[in-house]
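A short worksheet on the structure shown next.
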Amino acid sequence: MEDNDLLKVRREKIAALKAAGIDLYPNDAKPQNTTAQILDEFGHMESENLAELSQKFSLAGRLMAVRSFGKAAFVKIQDRKGQMQCYLAKNVLSEQDFSLCKKLDVGDIVYVSGKLFRTKTNELTLEAQSLRLMAKSIHPLPEKWHGLTDIETRYRQRHLDLIANPAVREIFIRRSLIIKLMRQFMDRHDFLEVETPMMQPKAGGAVARPFKTHHNALDQDFYLRIAPELYLKRLVTGGLERVYEINRNFRNEGISTFHNPEFTMMEFYQSYATYEDLMSFTEELFCFIAENVFGGFTFTYQGTQIDLTPPWRRLSVRDALIQIAQMDPDDLTDPGKAIAFARKTGCDVKETDPLGKILMAVFDERVEKKLVQPTFVTHYPVAVSPLSRRSGADPDLVDRFELYISGREIANAFSELNDPADQRERFLAQLKEREAGDDEAHEMDEDYIRALEYGMPPTAGEGIGIDRLIMLLTDSASIRDVILFPLLRNKQE
RNA sequence: GGGCCGUUAGCUCAGCGGUAGAGCAGCGGACUUUUAAUCCGUUGGCCGCGGGUUCAAUCCCCGCACGGCCCA
């Protein structure tokens with residue numbers, strides 16, 4: 001417990017304020033303006049015109065700076081929209097308000113009302129006619145010039161980060177805008193937003209390790225979902241035809257600059273569409289967002305210019321392996337050669353692994369990073385796609401794509417497998433892999449197969465990793481910079 | 001899980017074998033147009049935690065905790 005001189009001084013101030021009859025935490029002031037709104041509206045008005053305004057303005061927010069003179073002070077107030085300077089003067093404020101002004105600390109929440117004027121240096125400033133304390137701050141804020149840079153403190157005490165670092169606030173405002181735009185786009189295309197279970201008896205719909213939890217009253221284990229897929233497809237079977245969900249998935253895996261154990265996905269399903277339809281749909285969605293965020297289709301991510309102008313490059317897994325990973329066409333069909341190549345490139349593959357899985361290991365190792373400009377990778381092996389529809393031209397491939405931008409997977413989509421017999425076979429193949437030691441392989445899900453047996457319309461579905469998309473569009477190097485409260489190890493006192 | 005780096009005042013950082021420094025913040029004083037206000041004075045530290053080496057450790061060594069980056 002922190003108990004230094006700074007806190008002692010604050011506690012003494014609090015006692016003095018209380019003794020003077022001042023409520024430290026009132027809730028009866030309603031600011032009529034915001035900083036940015038005043039600056040936008042009156043920022044260009046001349047001094048003479050400002051003086052003629054009869055209007056009174058009121059602001060509330062956090063005191064970010066105090067430049068105090070004997071009988072007057074300039075202060076900076078920060079609200080949700082930005083910062084604005086206010087002037088507190090002895091000959092304008094009541095005696096009581098001016099004495100309050102002398103007791104305020106940087107970090108306090110205050111309310112001011114008064115009129116606008118321009119200072120000698122021409123800064124639009126609110127001259128306070130009244131001043132109120134709205135919430136007392138006990139702890140000192142981070143330093144005014146360098147702000148808060150300690151990464152651990154920024155994540156553990158995000159409130160401080162948001163107070164001290166305006167750029168951080170901007171990232172989360174943009175995050176909200178992007179998600180709003182996604183909803184707008186989906187709604188315009190007649191998709192229905194739904195919510196499906198986070199707690200599932202089986203963690204299906206993806207290949208990943210789940211978190212386990214327990215329901216006491218039912219005395220039953222549940223898994224936090226690794227994907228909403230199987231539930232969303234039940235809704236399509238139920239006739240909802242076009243659905244989407246924006247929500248959290250949970251994967252019990254390592255943490256890195258691109259992985260948080262809980263992350264946000266938009267997953268959506270459209271009946272009577274194919275994975276090829278979703279490619280152009282994705283291009284349109286991303287362009288719609290970029291247009292609204294940047295006013296164009298290009299942006300810079302970590303020093304590299306990314307161009308979203310459609311159409312995006314389309315590349316089959318086979319071509320990628322030959323052209324980028326420099327595999328020989330024979331390596332792609334001969335499991336022995338494929339394993340040899342994979343091991344040579346440093347992949348940890350087993351003799352029992354299906355060929356498709358070995359090829360994708362090479363892809364992850366050799367190709368992924370090199371797909372910088374938006375690229376749809378297509379024609380995935382059936383072995384790594386237990387829920388995708390087989391390709392008409394080649395039953396060993398599926399109608400699926402993954403979208404790569406800046407060397408990272410951003411989206412995964414496919415024409416859905418709606419043949420219940422084939423689905424059962426795929427689950428059985430996954431069970432074999434599970435028996436061979438792959439604890440991420442998909443489980444058998446009879447209940448899901450039964451739903452398919454009622455007939456699911458032909459459908460294509462897609463998942464978009466929202467955190468990663470937002471990293472791109474905010475030029476953030478770490479996923480923790482776009483998640484308000486990233487998972488951290490508990491720190492014991 | 002492995003490698004490298006970090007942890008010193010509320011914040012941002014110096015110091016790296018001889019017992020703790022700066023700027024900002026704070027406190028006291030001056031000041032009614034400042035813009036990181038200025039000027040004078042001043043308080044503040046289990047130098048992440050635990051061992052070891054040494055006459056002496058914030059500094060060197062080992063372990064632990066937390067974090068960062070890279071790799072799996």
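Chain letters run A, B, ... following the sequence lines, proteins first, then strands; residues in each count from 1. None of the values given here were measured: they were computed from a predicted structure.
Looking only at atom types and distance, the side chain of Gln32(A) has no donor-acceptor partner in the side chain of Ser58(A) under 3.5 Å away. For the residue pair Thr35(A) and Asp79(A), a side-chain donor N or O sits within less than 3.5 Å of a side-chain acceptor on the partner.
For Trp145(A) and Leu141(A), each mapped to the nucleotide of RNA chain B holding its nearest heavy atom, the one lying further toward the 5' end belongs to Leu141(A). In terms of position along RNA chain B, the nucleotide closest to Thr149(A) lies nearer the 5' end than the nucleotide closest to the other residue of the pair Glu127(A) and Thr149(A).
Using a 4.0 Å heavy-atom distance criterion, Asn91(A) is classed as a base contact. Residue contacts for Tyr87(A): at a heavy-atom cut-off of 4.0 Å it reaches a base atom on one of the strands shown. Residue contacts shown for Leu488(A) are limited to sugar-phosphate atoms, with no base heavy atom under 4.0 Å away. If you check every strand for non-hydrogen atoms under 4.0 Å, Gly147(A) touches sugar and phosphate atoms only. Counting non-hydrogen atoms under 4.0 angstrom, Lys71(A) reaches a base of the nucleic acid. Nucleic acid contact for Ser256(A): none, since no nucleic acid atom lies under 4.0 Å from a heavy atom of the residue. Within the nucleic acid shown, Phe117(A) comes within 4.0 Å of at least one base atom, counting heavy atoms only. Arg480(A) comes within contact range of the sugar-phosphate backbone alone, with a heavy-atom separation under 4.0 Å but no base atom that close. Nucleic acid contact for Arg10(A): none, since no nucleic acid atom lies under 4.0 Å from a heavy atom of the residue.
A donor-acceptor contact under 3.5 angstrom links the side-chain atoms of Gln85(A) to the base of U34(B).
For Ile255(A) and G68(B), the CD1 to P distance is 8 Å, given to the nearest whole Å. Straight-line distance from the NZ atom of Lys13(A) to the C1' atom of A25(B): 11 Å, rounded to whole Å. When rounded to the nearest whole Å, the span between CD of Glu143(A) and P of A14(B) equals 14 Å. Distance, Ile77(A) CD1 to U34(B) C1': 15 Å, rounded to whole Å. One interatomic measurement links the two molecules: NZ of Lys90(A) to P of A30(B), which rounds to 12 Å at whole-angstrom precision. At whole-Å resolution of the value, CG in Asp105(A) and C1' in A25(B) are 10 Å apart. Per the geometry, CD1 belonging to Ile479(A) stands 13 Å off P belonging to G68(B), to the nearest Å. In this entry the distance linking CG of Asp481(A) with C1' of G68(B) reads 11 Å, nearest Å.
In this structure, Phe299(A) and Phe294(A) have parallel ring planes: the angle between them is below the 30° cut-off, well short of the 60° mark.
Residue Ser68(A) has no polar side-chain atom (N or O) positioned under 4.0 Å from OP1 or OP2 of A37(B). For the pair Lys144(A) and U12(B), the criterion of a side-chain N or O lying under 4.0 Å from OP1 or OP2 is not met.
Closest to the side chain of Asp5(A), from the set C11(B), U32(B), G44(B), is G44(B). Of the listed nucleotides (C11(B), G67(B), U32(B)), C11(B) has the atom at the smallest distance from the side chain of Leu148(A). Nearest nucleotide to the side chain of Lys120(A), out of U33(B), C66(B), G26(B): U33(B). Checked against U34(B), G26(B), C11(B), the side chain of Pro142(A) finds its nearest nucleotide in C11(B). Across U34(B), G10(B), C66(B), the shortest atom-to-atom separation from the side chain of Pro140(A) is found for G10(B). The side chain of Leu6(A) sits closest to A25(B) out of A25(B), G68(B), U33(B). Residue Arg67(A) places its side chain closer to U34(B) than to any other of G23(B), C27(B), U34(B).
No more than 12 heavy-atom neighbours from other residues, nucleotides or ligands sit within 6.0 angstrom of CG on Asp348(A).
Residue-nucleotide stacking is present for Phe74(A) and U34(B), judged by a side-chain ring centre under 5.5 Å from the six-membered base ring centre and planes under 30° apart.
When the P atom is compared between C61(B) and G3(B), the two are found 16 Å apart, to the nearest whole Å. A22(B) and A14(B) are spaced 16 Å apart, taking the P atom of each and rounding to whole Å. Nucleotides G17(B) and C13(B) have their P atoms positioned 23 Å apart, rounded to a whole Å. Across the P atoms, U54(B) and U42(B) are found 42 Å apart, a figure rounded to whole Å. If you take atom P in G48(B) and the same atom in G10(B), they sit 13 Å apart, rounded to whole Å. The P atoms of C60(B) and G18(B) are separated by 11 Å, rounded to the nearest whole Å. Nucleotides C16(B) and A56(B), compared at atom C1', are 15 Å apart to the nearest Å. The same atom, C1', is picked in U8(B) and in U58(B); the two are 7 Å apart, to the nearest Å.
A salt bridge links Asp105(A) with Lys13(A): the closest approach of a Lys/Arg side-chain nitrogen to an acidic carboxylate oxygen falls below 4.0 angstrom. Salt bridge annotation for Glu152(A)-Arg154(A): absent, with no cationic side-chain nitrogen under 4.0 angstrom from a carboxylate oxygen.
For the atom pair CZ of Phe485(A) and CZ of Arg158(A), the computed distance is 7.5 Å after rounding to the nearest 0.5 Å.
Arg225(A) places no side-chain N or O within donor-acceptor distance of the main-chain N or O of Met199(A), the cut-off being under 3.5 Å.
In RNA chain B, stems built from 3 or more consecutive Watson-Crick or G-U wobble pairs, each with both distances under 3.5 Å, span B:1-7 with B:65-71, B:10-13 with B:21-24, B:26-30 with B:38-42, B:48-52 with B:60-64.
Annotation: cation-pi pair Arg400(A)/Tyr380(A) present, NZ/CZ under 6.0 Å from the ring centroid and within 45° of its normal. Annotation: cation-pi pair Arg408(A)/Phe258(A) present, NZ/CZ under 6.0 Å from the ring centroid and within 45° of its normal.
Between Val349(A) and Lys357(A) the shortest side-chain heavy-atom distance does not fall below 4.5 Å.
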